[in-house]
Amino acid sequence: IVAPHGGKVSGCTVAEGYAAAASVQFDALVVVGGAPPAPDAMVHADAKAGTGDSSTTDPRVVKLLQEVWRHSKAIGSIDAGAALAAAGVPTDGLGVSAGAAAEVGADILTLLEAHRSWGRFDA
């Protein structure tokens, strides 16, 4: 679980905060319910922050999504269409699953079997 802060979210232990999470740590990324900007999000001070719409989504989540997309990794979206849109990730893109939790979970497991969505970009 990656969250805006350490500790617990909905009773689950947070493994990484937005400030420290990096796309290389993940084989897939599932965004649940969007990721509004955290109080410590500072687009103007972070040259590596995502360049998408930071009014609806934390710029560090935008950056994660953009990198995971470029690396052809699996992406899931459960009620997080705004986060994907802010990062420029199409909800119908190759290797992207959007919908209900059970459907997205099953799709992500299938996508992980292939390791990457190599057909996402032209050679």
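This one's a predicted model, so the numbers in the text were calculated from it and none came from an experiment.
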A.B. asks: Hey, quick one: are Val62 and Val89 part of the same hydrophobic cluster, counting side-chain heavy atoms closer than 4.5 Å, chains of contacts allowed?
C.D. replies: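 No; Val89 is not reachable from Val62 via cluster members.
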A.B. asks: Please, which pairs that meet side chain to side chain donor-acceptor pair (under 3.5 Å) have at least one residue in residues 9-33, sequence neighbours excluded?
C.D. replies: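 For residues 9-33, and leaving out neighbouring residues, the side chain to side chain donor-acceptor pair (under 3.5 Å) pairs sorted by first residue read Lys8-Thr13, Glu16-Gln25, Ser23-Glu67.
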A.B. asks: Taking only residues at least two apart or on different chains, which pairs with a member in residues 108-117 satisfy salt bridge (charged side-chain N to carboxylate O under 4.0 Å, His left out)?
C.D. replies: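 The answer is none; no pair qualifies.
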A.B. asks: Within the structure provided, determine whether Phe26 and Leu64 are in side-chain contact (heavy-atom separation under 4.5 Å).
C.D. replies: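 Side chain of Phe26 against side chain of Leu64, heavy atoms only: contact under 4.5 Å found.
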A.B. asks: So if you build clusters from Ile, Leu, Val, Met, Phe, Trp, Tyr with side-chain heavy-atom gaps below 4.5 Å, do Val61 and Val104 land together?
C.D. replies: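 As far as the 4.5 Å side-chain criterion goes, Val104 and Val61 are not connected within one cluster.
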A.B. asks: Testing the basics here: between Val68 and Ala74, what is the closest heavy-atom pair and its distance to 0.1 Å?
C.D. replies: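 Result for this residue pair: CG1-O, 3.9 Å.
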A.B. asks: Do Asp79 and Val32 pass the side-chain contact (heavy atoms from CB on, under 4.5 Å) test, and can you show the C-alpha distance, the side-chain angles, and the key distance before you say yes or no?
C.D. replies: CA-CA 6 Å; Asp79 297 328; Val32 180; over 6 Å; no
A.B. asks: Measure the shortest side-chain to side-chain distance between Leu111 and Ser117 over non-hydrogen atoms and say whether it is less than 4.5 angstrom.
C.D. replies: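 Yes; the side chains approach each other to less than 4.5 Å.
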A.B. asks: Could you name each residue pair satisfying side chain to side chain donor-acceptor pair (under 3.5 Å) that touches residues 87-96, not counting sequence neighbours?
C.D. replies: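 As it turns out, there is no side chain to side chain donor-acceptor pair (under 3.5 Å) pair with a partner in residues 87-96 once direct neighbours are skipped.
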A.B. asks: Can you tell me how far apart CZ (Arg60) and CG (Leu65) are? Round to the nearest 0.5 Å.
C.D. replies: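 Separation between the atoms: 13.5 Å.
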A.B. asks: From the options Ile75, Val30, Ile78, Asp107, select the one residue that forms a side chain to side chain contact (heavy atoms under 4.5 Å, CB included) with Ser97.
C.D. replies: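 Exactly one option meets the side chain to side chain contact (heavy atoms under 4.5 Å, CB included) with Ser97, and it is Asp107.
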A.B. asks: Looking at every heavy atom in both Val14 and Ala3, which two are closest together, and how far apart are they?
C.D. replies: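 Taking every non-hydrogen atom into account, CG2-CB, 3.8 Å.
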A.B. asks: Identify whether the distance between the nearest side-chain nitrogen and carboxylate oxygen of Lys63 and Asp58 falls below 4.0 Å.
C.D. replies: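 Asp58 and Lys63: not salt-bridged.
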A.B. asks: Test your reading of the model: is there a side-chain donor-acceptor pair from Arg120 to the backbone of Gly93, 3.5 Å cut-off?
C.D. replies: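 Side chain of Arg120 to backbone of Gly93, a donor-acceptor pair under 3.5 Å: no, none is there.
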A.B. asks: Any side-chain heavy-atom pair from Val9 and His5 closer than 4.5 angstrom?
C.D. replies: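 They are in side-chain contact.
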A.B. asks: Looking at CH2 of Trp118 and OG of Ser72, how far apart are the two atoms once the value is rounded to the nearest 0.5 Å?
C.D. replies: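 That separation rounds to 6.5 Å.
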A.B. asks: Considering all heavy atoms of both residues, which atom of Gly34 and which atom of Ala83 are nearest to each other, and what is their separation?
C.D. replies: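 Looks like CA-CB, 4.4 Å.
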A.B. asks: Decide yes or no for Val31 and Ser77: does some side-chain heavy atom of the first lie under 4.5 Å from some side-chain heavy atom of the second?
C.D. replies: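 No, side chains not in contact.
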